[in-house]
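Lettering follows sequence order; numbering is per chain, from 1.
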Number of protein chains: 2
Amino acid sequence: MNAEAIKKSLQDGGLRCTPQRYAVMAFLMEHTSHPTAAEIFKAVNRSDPRCSRATTYNNLRDLVQAGLVREVAVEGRAARFDANDMPHHHFICDRCGKVEDLDWYDVPRPASGVLGKRVLRECEIIFRGLCARCAPRHASR
Amino acid sequence: MNAEAIKKSLQDGGLRCTPQRYAVMAFLMEHTSHPTAAEIFKAVNRSDPRCSRATTYNNLRDLVQAGLVREVAVEGRAARFDANDMPHHHFICDRCGKVEDLDWYDVPRPASGVLGKRVLRECEIIFRGLCARCAPRHASR
DNA sequence: TACAAATTTTAGACTAAGTCCAATATTATA
DNA sequence: TATAATATTGGACTTAGTCTAAAATTTGTA
């Protein structure tokens, strides 16, 4: 993982590069499984106990605001975070809550533009169903 | 609002028609503004104090499971509920968190089908931006 | 209508997820 | 290196939602 690239992207987002913020960002870039805030805190705090829970939440908020990280809300479950900077959509498993990235080009892209009197910033397609682990195998039986 | 129709849809969903459950369903059909569980509880409990908080949550869970109500997760905010049974997508305001329905035909519909090894149940497009109230008016100034 | 079985309701304690605070520390800039 | 702006901290707090087990209601059957 390129440390300089992380530093630069923090700066480009108008954020200072602190050890805690760097650690949160680096963790998200290395772990593309959409961890929850609690998971991120546990991992980052374990390898560097200087990072507190409040700081983890503060940094996630800042990274999302700066557009470097995406937050995915899942019904009845904790929010999940994602540093994948390529445009993409998500698949959420009904059973285990797992969030998977779908390549933008895997799915048709809805037209962007104005929606009535609303100012559109982004659109995301959320697919729901059962992931490969949760789907009943040999379902034909 | 057709009381018999509500009764029938509860039964079709395999749910008994209790006064509390009926009240939650009726409230959602009359209020299409995507209320939160707390708002639903307050309103239903005010007009009939027999309905407790736990019951409101239980019934929302049951109605969602039965497919009569949709739940919309919003980042950093309480879940919102929606009894609109027509296929549709949502617009979520970044600033105030308001959820608005978008007619299915207002937006292109992504192709359905299998996504890799995943079993697809539904897909929803979530549009984000600023609603008519929150968008800066006369923005050219 | 009366009974039994299944389902639903309840108050309130509890948990999980996340925010807030104000004192302290760190970072970037001049 | 001094300074101003920003970030970090532990821990109390809030908000959203779940759990429990006893009591009540609903529904099907006789």
**OP:** Report the distance from atom CG of N45(A) to atom P of dT8(D), rounded to the nearest whole Å.
**Re:** 14 Å
**OP:** Take the protein atom CD of Q11(A) and the nucleotide atom P of dT6(D), then report the distance between them rounded to whole Å.
**Re:** 15 Å
Original post:
Listed by chain and number, what are the salt bridge (Lys or Arg N to Asp or Glu O under 4.0 Å) partners of D101(B), not counting sequence neighbours?
Top reply: none
Subject >> For atom OH of Y22(A) and atom P of dT8(D), their distance in whole Å >> reply: 15 Å
Subject >> Value in whole Å for how far the C1' atom of dA7(D) lies from CG of L60(A) >> reply: 15 Å
Original post:
Could you state the CD-C1' distance from E39(A) to dG18(C), rounded to the nearest angstrom?
Top reply: 15 Å
**OP:** Identify, with sequence neighbours excluded, every residue that meets salt bridge (Lys or Arg N to Asp or Glu O under 4.0 Å) alongside E71(A).
**Re:** none
Original post:
Which residue pairs pass the ring pair (Phe, Tyr, Trp, His ring centres under 6.0 Å) test when at least one of the two sits in residues 38-81 of chain A, sequence neighbours left out?
Top reply: none
**OP:** Return the orientation label for the F27(B) and H31(B) ring planes: parallel under 30°, perpendicular over 60°, tilted otherwise.
**Re:** parallel
Original post:
Who else is in V99(B)'s hydrophobic cluster (ILVMFWY, side-chain heavy atoms under 4.5 Å, direct or via others)?
Top reply: V72(A), V74(A), I92(A), V99(A), I126(A), V72(B), V74(B), I92(B), I126(B)
Original post:
What one-letter contact string describes nucleotides 13-18 of chain D from 5' to 3', where B marks a base within less than 4.0 Å of any protein heavy atom, S marks contact via sugar-phosphate atoms alone, and - marks no contact?
Top reply: ---SBB
**OP:** State which residues pass salt bridge (Lys or Arg N to Asp or Glu O under 4.0 Å) with R121(A); sequence neighbours excluded, sorted by chain then number.
**Re:** D94(B)
Original post:
Who else is in the cluster with L130(A) when I, L, V, M, F, W and Y are joined by side-chain contacts under 4.5 Å?
Top reply: V119(B)
Can you give me the N/O atom pairs linking the protein to nucleotides 1-9 of chain C at distances under 3.5 Å, or say none if there are none?
residue	atom	partner	partner atom	Å
dA6(C)	N3	R16(B)	NH1	3.3
dT7(C)	O4'	R16(B)	NH1	3.3
dT8(C)	OP1	R21(B)	NH1	2.7
dT8(C)	OP1	R21(B)	NH2	3.3
dT9(C)	OP1	T18(B)	OG1	2.4
dT9(C)	OP1	Q20(B)	OE1	3.4
dT9(C)	OP2	N59(B)	OD1	3.3
dT9(C)	O3'	Q20(B)	NE2	3.0

Subject >> By salt bridge (Lys or Arg N to Asp or Glu O under 4.0 Å) - contacts of E124(B) (at least two apart) >> reply: R128(A), R70(B)
